[in-house]
> 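Just dropping this structure here.
Convention: sequence-line order gives letters A, B, ...; per-chain numbering from 1.
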Protein chains: 4
Amino acid sequence: MTELPDYADLPPAPGGGRSAWGLFGAEDNLGLVNLMTPQRIAAAARLVRRGQVFCLDMPLGSVSPALATFRGAPRHQVLHQRGTAGFDDVYDNFYPQASSQWDSLAHIGYAPDQMYNGATEQEVLAGTRNTIDHWARHGLAGRAVLLDVERAMREAGWPYDPGGSSAIGVDGLELARRQAGVEFAAGDVILLHTGFAGWYVQQPGRVKNRLHGNVAAPGLEHTEAVCEYLWNIHAAAIASDTYGVEVFPADFSRQAHPFGFLHNMLIGQFGMALGELWWLSDLASDCVADGIYEMFLVSVPLNAPGGIGSPANAVAIK
Amino acid sequence: MTELPDYADLPPAPGGGRSAWGLFGAEDNLGLVNLMTPQRIAAAARLVRRGQVFCLDMPLGSVSPALATFRGAPRHQVLHQRGTAGFDDVYDNFYPQASSQWDSLAHIGYAPDQMYNGATEQEVLAGTRNTIDHWARHGLAGRAVLLDVERAMREAGWPYDPGGSSAIGVDGLELARRQAGVEFAAGDVILLHTGFAGWYVQQPGRVKNRLHGNVAAPGLEHTEAVCEYLWNIHAAAIASDTYGVEVFPADFSRQAHPFGFLHNMLIGQFGMALGELWWLSDLASDCVADGIYEMFLVSVPLNAPGGIGSPANAVAIK
Amino acid sequence: MTELPDYADLPPAPGGGRSAWGLFGAEDNLGLVNLMTPQRIAAAARLVRRGQVFCLDMPLGSVSPALATFRGAPRHQVLHQRGTAGFDDVYDNFYPQASSQWDSLAHIGYAPDQMYNGATEQEVLAGTRNTIDHWARHGLAGRAVLLDVERAMREAGWPYDPGGSSAIGVDGLELARRQAGVEFAAGDVILLHTGFAGWYVQQPGRVKNRLHGNVAAPGLEHTEAVCEYLWNIHAAAIASDTYGVEVFPADFSRQAHPFGFLHNMLIGQFGMALGELWWLSDLASDCVADGIYEMFLVSVPLNAPGGIGSPANAVAIK
Amino acid sequence: MTELPDYADLPPAPGGGRSAWGLFGAEDNLGLVNLMTPQRIAAAARLVRRGQVFCLDMPLGSVSPALATFRGAPRHQVLHQRGTAGFDDVYDNFYPQASSQWDSLAHIGYAPDQMYNGATEQEVLAGTRNTIDHWARHGLAGRAVLLDVERAMREAGWPYDPGGSSAIGVDGLELARRQAGVEFAAGDVILLHTGFAGWYVQQPGRVKNRLHGNVAAPGLEHTEAVCEYLWNIHAAAIASDTYGVEVFPADFSRQAHPFGFLHNMLIGQFGMALGELWWLSDLASDCVADGIYEMFLVSVPLNAPGGIGSPANAVAIK
């Protein structure tokens, strides 16, 4: 495909909003990751200038229990016989979505048999459609653009709370984009720095525990305008430092949002890769320092057959 | 440090061979990954020409039980309530070393209190020294060089069996290097393609099962000459498509090998990163096709506090 | 010991209430289970008349997630290769306290170093003191007495809600005892039928889910009078069909209850065995039918070295 | 049913031997546990004289790795926040058959769709037929008879090795029965004391490790005569202190044994409960001392929906 249609030209989705099903073929399991083409990857690699690597994964287990909800932290055991020189390890209760992570296209949809590109509940359970291994085999690499929403909001004097439920609409995204001095290009990974994770790790234990089952976090506004914006810039992925990319809590009534969570539309209809709980603070500081908000991004999800999610395993290289 | 000493100038190790302890400071936990400097990473990124990404991880669980020995395959459950549109997943019995993986510097040493750079059993168990999270935070990226030993051996007419215990000595390594037409540079990741994994996946179940507890695989010869060679080229890491990098089985008697397994020397004394069970077949085929044996490598191990091993999460980009 | 002292003759406990430490020797790890002597067991076996066995364990996982709180249900996998005639199974995330269960004397105390009989945090973690295997090796068997509090309350016209937080004081216990027509004897296991579990399993999913983190359940009143009563009848154990034996929620302020939860006193000071989430409904119905409220009880906890809790594995035989 | 037919009157089984399918109805999932009737249980309870309880479970994990083969020991974690007075625990990799245990009737059959009483592979996987919860709900209790084969063999001067593969035929069983001075009765649980477990726990680590994948153990001879004998005494169950009840290794060729393992016949055709790795040493010593080889047995398997096996959770009471 040479060019993606505009949002206005997409057919309507049954559950509300618009649908990108079929754009990459009826059998496609990659979604907008298809936009990560060799040409774009090669161009993005040329963004590496200093060779500085930023690890974008928070430590495993570091957000539990407050943010991991039912998932809990992994249980890790080092296997070692005292007095010997060998060590091994094993994890149980390893929820790949319990820390910095990707939602695969098998994570959520409008309805059990309306997963991205028409995949069915049965196909997802069988591990044949939309699962994380499709991205692992394709490889996730390309240009990333950091939108430092927290800083942009603060500098513009807009009301904003990194530990609260501030909604980021199209104006907020544009504000951060202009501050970054970048234009978007097809296939980009948007790194949405809200400041939430940086705020979270500094909270005392009692505040973290209070968040359990009651998380509030800034994030994308639940409007079709936001979906339209993200589609029209032809981003391949959007990853944030919050646990859900979209603002929480919010009015999820049918009246307010006929298509439900943004997740439903972005993942289920667009086939967009959503990253959550990424660690963007260090990268954001560096962008302030050198004024460069674009970088090469490489993420290597687990090659897990039938997997629903994966640790992000992501680095930004500038 | 501007330059590493030659092998001959290293002090002797108590358990035999020579020791690199202290070269990067008494508190170092990275070992030769220190050679992955920003300058080298930036230079390696310029090796990306076509933007082709090669996934170097075999699917999770794909080598069990034959090669995973006691580790077993991960148990994966998709969490889903029939009729809903959400899916989640969780792993138990997740041995990070049961498929394509890195051994951290906490994996093995000469003796429990002689782990790399003098780390003690207690420090490894406490997760404070040498563990995989140190590499995750630093980032593993740089130039990789593929040594296609299988093809070089075959073309040279040397006796060689990818499913047997063929030892690869300095002459074999040099043969493959010359065939690749490359010179090594400090900080390189050597990708040792023996053909073992490609052979393994084509075996019928009964052959795979017969390997359980009886693995034979080609790999590095157990000689100090091989250690000296690997040190003197100042490689940061060596990753192979076998389950142990070194040849198995072999004569591990004290007479034959005063320093025991190569693992002990390479990991415990040199601080070299060892990768195992990597999937190199597709990359090797591509190298034959375009004649280019150097590439940009990015690996993002799990940011796992106190972790001993990790899935490789590695891609080569040409 | 020929006879236990009265509550009034026990020494005061540092944290409030009174302490039974040392009554069975400084090294004792059994607590009041010591009262299950061969003589009493032999006498209790003679209560078996019809040979009717009642299973007192709810199905594993049946109370999750509403009551199991952080514990979650076990994950069960049947291991089976299609087309073969052999089946095996394995559990992960197996919390022994997530369904019908025993709290061992290692579960809770007044303070980390004031566990029952003076056991320390270090000893509990090392698995040497108070853990469940001590009871497994001794064997739990003896006379049980069912107190059908739910029925007694209803028949007496007292206000009572099996799905609410009705407190059961000494008067309620006596009411149920008189209705049962029994006298207590040293070493008895009291089966406290509140009706909670029977109420719970009949609730629709939405009610069960609403209980998550908000459980209300009837149970023992938080008063020293209740502790005194339980001590003076010299019960070895008390098991109820609620998730905590004691009423929830309650006023746990220092003013109201200087010794905190009843758990602290009963387990930590008395060394009394507490059973939770037992299935008593069928047994209670049978007691109504035949008018016999005493029976032989056998429970076989897991022989788990260092274990904190265990499935109840309990049967009543009439 | 008033009386079971003799072996000679059973219909032939398709895979060899004879079949008891249908004797307890087409929908039966209990097998010979049906013989544990209230009348028999009440009578067996009267065998309790001294009130002495014998724990028949070895500690969890105590036979791994040598005997647990692929199953491995459970991984146990005590959950505890330093400085607090509460402790909890959780198990992963919990194979219910890795220590003292019961095989349910869902464990093995002649063929995937010829499980006990005609249950199919699909029904076993769905957890609806033959699984361990059926026994848990019914309750396992009754008269047990200890056959001290080890002692009988030794005293009779027959060649016998508790750590070797001595086959126990009908003559050996009769020898031990006569020595015990007992007659069998319908519904009995036979406790087959071979001495294996007692031998095993005294071996040094290197001997235990050598057993891994190479277990030799005494046990029932693989002959139809043994099956006929066990059927005709109308035992409900047979539990031994070995890992497989039947002798290992043995000639499993079609010529020698048309019906394969004894397991196939006893579990799959008879519906007999098989217990393995039980701890019978202390009980056997007591039988020598008091000359009484019959006792009351209570076992409470996990109430595990769809479970294949369970810890034995068994006690003998004399």
Side-chain angles (χ1 to χ4, degrees), chain A residues 37-42 45 48-53 55 57-60 76 78 80 83-97 106-112 114-115 124-125 133 136-139 141 296 298-300 302-309 311 313-315 317, chain B residues 37-42 45 48-53 55 57-60 76 78 80 83-97 106-112 114-115 124-125 133 136-139 141 296 298-300 302-309 311 313-315 317:
Chain A
T37 59
Q39 295 80 352
R40 290 188 179 114
I41 293 169
V48 176
R49 286 168 194 120
R50 288 184 287 143
Q52 188 73 36
V53 179
C55 169
D57 283 72
M58 299 178 76
L60 286 183
H76 181 223
V78 175
H80 171 65
T84 65
F87 298 78
D88 223 78
D89 55 354
V90 59
Y91 294 86
D92 293 290
N93 206 53
F94 186 95
Y95 283 87
Q97 298 188 36
H107 176 51
I108 202 163
Y110 269 35
Q114 295 183 18
M115 304 298 286
V124 168
L125 290 174
D133 43 327
R137 286 193 299 269
H138 178 276
F296 187 42
V298 180
S299 159
V300 192
L302 294 175
N303 188 358
I308 305 299
N313 304 328
V315 286
I317 316 181
Chain B
T37 59
Q39 295 80 351
R40 289 188 179 114
I41 292 169
V48 176
R49 286 168 194 120
R50 287 184 288 142
Q52 188 72 38
V53 179
C55 169
D57 282 72
M58 298 179 76
L60 287 183
H76 182 224
V78 175
H80 172 64
T84 64
F87 298 78
D88 223 79
D89 56 353
V90 59
Y91 295 86
D92 292 290
N93 207 54
F94 186 95
Y95 283 87
Q97 298 188 37
H107 175 52
I108 203 164
Y110 268 36
Q114 295 184 18
M115 305 297 288
V124 168
L125 290 174
D133 43 327
R137 286 192 299 269
H138 179 276
F296 187 41
V298 180
S299 158
V300 192
L302 294 175
N303 188 357
I308 305 300
N313 304 327
V315 287
I317 315 182

> At a heavy-atom distance under 4.5 Å, which candidate from A/Ser299, A/Ala141, A/Gly307 has the highest pair count against chain B?
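Option with the top pair count is A/Gly307.
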> Among A/Val48, A/Asn93, A/Thr37, A/Ile317, which residue forms the greatest number of heavy-atom pairs with chain B at distances under 4.5 Å?
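Going by pairs under 4.5 Å, I would pick A/Asn93.
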> Of the backbone (N, CA, C, O) and the side chain (C-beta and beyond), which part of B/His80 lies under 4.5 Å from a heavy atom of chain A, both, or neither?
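Answer is side chain: those atoms of B/His80 sit under 4.5 Å from chain A.
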> For A/Gly306 and B/Val78, which heavy atoms make the closest approach, and how far apart are they?
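Smallest heavy-atom distance, with atoms named: O-CG2, 4.1 Å.
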> Please identify, among A/Asn313, A/Asp92, A/Val124, A/Val315, the residue contributing the most non-hydrogen atom pairs under 4.5 Å to chain B.
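Maximum pair count with chain B is reached by A/Asn313.
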> For the interface with chain A, which of B/His138, B/His76, B/Gln39 has the highest count of heavy-atom pairs at distances below 4.5 Å?
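Looking at each option in turn, the highest pair count goes to B/His76.
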> Report yes if the side chains of B/Pro38 and A/Arg50 come closer than 4.5 Å at any heavy-atom pair, otherwise no.
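Side chain of B/Pro38 against side chain of A/Arg50, heavy atoms only: no contact under 4.5 Å found.
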> Please verify the inter-ring angle class for A/Phe94 with B/Tyr91; under 30° counts as parallel, over 60° as perpendicular, anything in between as tilted.
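The arrangement is perpendicular - the two ring planes meet at more than 60°.
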> Less than 4.5 Å to any heavy atom of chain A: does that hold for the side chain of B/Ala106, its backbone, both, or neither?
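Contact with chain A involves the backbone of B/Ala106 alone.
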> Of all heavy-atom pairs between B/Val53 and A/Gly139, which one has the smallest distance, and what is that distance?
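That closest heavy-atom pairing would be CG1-CA, 3.9 Å.
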> Mind checking ring pair (Phe, Tyr, Trp, His ring centres under 6.0 Å) for B/Phe296 and listing every partner two or more places apart, or none if nothing turns up?
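Result, ring pair (Phe, Tyr, Trp, His ring centres under 6.0 Å) vs B/Phe296: none returned.
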> By a 4.5 Å heavy-atom criterion (distance strictly below it), what part of A/Pro59 contacts chain B: side chain, backbone, both, or neither?
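Both parts, backbone and side chain.
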> Is B/Pro305 in contact with chain A via its backbone, its side chain, both, or neither, using a 4.5 Å heavy-atom distance?
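Contact with chain A is through both the backbone and side chain of B/Pro305.
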> How long is the straight-line distance from CG of B/Leu60 back to CG of A/Asp133, given to the nearest 0.5 Å?
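Here the rounded value is 9.5 Å.
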> Which heavy atom of A/Ile308 sits nearest a heavy atom of B/Asp88, and at what distance?
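That would be CG1-O, 3.7 Å.
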> Provide the closest heavy-atom pair for A/Ala85 versus B/Tyr110 in the form atom of the first, atom of the second, distance.
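Looking at all heavy atoms of both residues, the closest pair is CB-C, 4.0 Å.
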> Shortest non-hydrogen contact from A/Pro311 to B/Leu302?
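Answer, listing the atom of A/Pro311 first, then B/Leu302: CG-CD2, 3.8 Å.
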> Just jot down the salt bridge (Lys or Arg N to Asp or Glu O under 4.0 Å) partners of B/Asp89, sequence neighbours excluded, or say none.
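Salt bridge (Lys or Arg N to Asp or Glu O under 4.0 Å) list for B/Asp89, sorted by chain: empty.
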> When only pairs under 4.5 Å are counted, which of B/Ile41, B/Leu125, B/Val300 shares the most heavy-atom pairs with chain A?
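Maximum pair count with chain A is reached by B/Val300.
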> Which heavy atom of B/Pro112 sits nearest to which heavy atom of A/Gly83, and what is that distance?
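Taking B/Pro112 first and A/Gly83 second, the nearest heavy atoms are CG-O, 3.1 Å.
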> First locate atom CG of A/Asn303, then atom CG of B/Asp57, and finally report the distance between them rounded to the nearest 0.5 Å.
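Answer for the CG-CG pair, A/Asn303 versus B/Asp57, is 6.0 Å.
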